[in-house]
Protein chains: 2
Amino acid sequence: MAATILLVEDEPGIQELVKFNLTQAGHSVLCADSAEMATGMVKHSLPDLVLLDWMLPGMSGIDLARKFRADGRMKNVPIIMLTARGEERDKVLGLETGADDYITKPFSPRELSARIKAVLRRRAPQMTEDKVEIRGLSLDPVSHRVTGNGTPVELGPTEFRLLHFLMTHPERVYSRSQLLDQVWGDHVFVEERTVDVHIRRLRLALEPTRHETLIDTVRGAGYRLSAQPA
Amino acid sequence: MAATILLVEDEPGIQELVKFNLTQAGHSVLCADSAEMATGMVKHSLPDLVLLDWMLPGMSGIDLARKFRADGRMKNVPIIMLTARGEERDKVLGLETGADDYITKPFSPRELSARIKAVLRRRAPQMTEDKVEIRGLSLDPVSHRVTGNGTPVELGPTEFRLLHFLMTHPERVYSRSQLLDQVWGDHVFVEERTVDVHIRRLRLALEPTRHETLIDTVRGAGYRLSAQPA
DNA sequence: CGGTATTGTCACGAGTTTGTCACAGAGCTG
DNA sequence: CAGCTCTGTGACAAACTCGTGACAATACCG
């Protein structure tokens, strides 16, 4: 349930308060004062969730949400809007913003917690059917085909799911147990080191396409699929 | 992607919200407050999709779903159930009565949108009467004839439907159970491995036309008819 | 009615996939 | 550098998947 949350909020008081509550709830919190700052912060690692103030100086929350949705990497990261009272709920949820939920200020910690939990829970069975493409490697869930620089790649079912998960969550380190949860399923009892072996098999399978370095080992933390060449 | 959607929901607030979101997404929305009203509304024109609240005053959502399924005209209109949280048991029941999917309240517009898209896509490419042609293999539903590179091919009824389905949905992997649903029919009880046998018979029948490699086996996933030669 | 075609099921076996382990090597710490 | 931890690697056995041939039940048809 613990998650990395990006909080975009310009009022220092509210920012502090929310951050405190989220930290208490066991989440890691990254704060940004502006849309620009937020944009920079998601460059190299993705949050699990974005808390986005509706009104921001400069680029508004709505614009940022739209921008995130347009960005392939951020497309699947859920967004919760923070709105002042009186702003139309329909407007927030509906107008092509792509927000997943909204909360009206002032809100209680409990409410915030509940919304976050709900959104995170929904995110779990998020099997998109969209084709993913990174650094010349393309994976199509529908036709179940993987191609690297034109060369077709043969993968077993598990390797396929693993690669799919990593490609839909690039630039983010996942521990072995997180990968087991996400790729194998929460309830499965499998040794953590098994992940290593599958990562290896993936790397081997990708070798002919010169994509060996796509998956980084982050010592002591887990693995990460990097969107940019090292 | 735009569709006519019948929304059956008694709570005015939710009805309004959902209607707003659907309209924003480009759909036409018809609203009904009760099962009786919904029944009347489908008398003269069919929606593309029904969004059905689980709990309704009077006739419940599940009864209405059953009624729709019994009605020949509505039999092929997909139904998505809206359920309150914690009605897990009902989910099973709902799917049994012929609902195509279900969404747990509260749900986000994005989630709703995604489900609708998925359900519509699943139903969309219905069997047409048009001739299909792929890689020199042609199938004519009207004359019930199949020709591969000039050579006529003899197929049994089931093989014919299977090939027809695959040819109208190329480059897409289907699991055995999906194929059973689509080719054999939704509620037929047949062993999954039966699909294998029919795939084999298809391949055998296509052998004289040198189309053996038309149907790929995707290990752990199902079968796929590939539009391009390997 | 007999014969043929179609269909669903099964059992067997070759070939794959997968989880686990043991060991080697790499990386960090002091 | 020594000692420790962490990761890469090759091997292996068990589990699983799929193709295949055979068979019985049923439908179809002249």
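The figures that follow rest on heavy atoms only: side chains count, while hydrogens, waters and symmetry mates do not. Predicted model only: the values in this text are computed from it and were never measured. Throughout, a chain's letter reflects where its sequence line sits, starting with A, and its residues are numbered from 1.
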Is the terminal nitrogen or CZ of A/Arg172 (NZ for Lys, CZ for Arg) located under 6.0 angstrom from the six-membered ring centre of A/Tyr174 and within 45° of that ring's axis? yes
Of A/Leu204 and B/Ala221, whose nearest nucleotide on DNA chain D comes first from the 5' end? A/Leu204
Report the distance from atom CZ of B/Arg203 to atom P of D/dC18, rounded to the nearest whole Å. 11 Å
Mark up nucleotides 20-30 of chain C, 5' to 3', with B wherever a protein heavy atom is under 4.0 angstrom from a base atom, S wherever such an atom reaches only the sugar-phosphate, and - elsewhere. BB----BB---
Return the 5'-most residue of the pair B/Ile199, A/Asp196 with respect to DNA chain D, ranking by each residue's nearest nucleotide. A/Asp196
NA contact type, A/Phe160, heavy-atom cut-off 4.0 Å: base, sugar-phosphate, or nothing? nothing
Restricting to pairs with a member in residues 141-159 of chain B, which pass side-chain hydrogen bond (donor to acceptor under 3.5 Å, both in side chains), not counting sequence neighbours? B/Asp140-B/Ser143
Testing the 3.5 Å rule here: is there a donor-acceptor pair between the side chains of A/Asp33 and A/Gln15? yes
On DNA chain C, nearest-nucleotide positions of B/Glu159 versus A/Glu159: which is more 5'? B/Glu159
Nearest-angstrom distance from the residue atom CZ of B/Arg161 to P of C/dT6: 13 Å
Taking the minimum atom-to-atom distance to the side chain of B/Thr158, which one of D/dG8, C/dT17, C/dT7 wins? C/dT7
Find the distance B/Arg200:CZ to D/dT17:P and express it as a whole number of Å. 20 Å
A/Trp184 side chain N/O closer than 4.0 Å to the phosphate oxygens (OP1, OP2) of C/dT18? no
Distance check needed: D/dG8 C1' versus A/Tyr223 OH, whole Å only. 8 Å
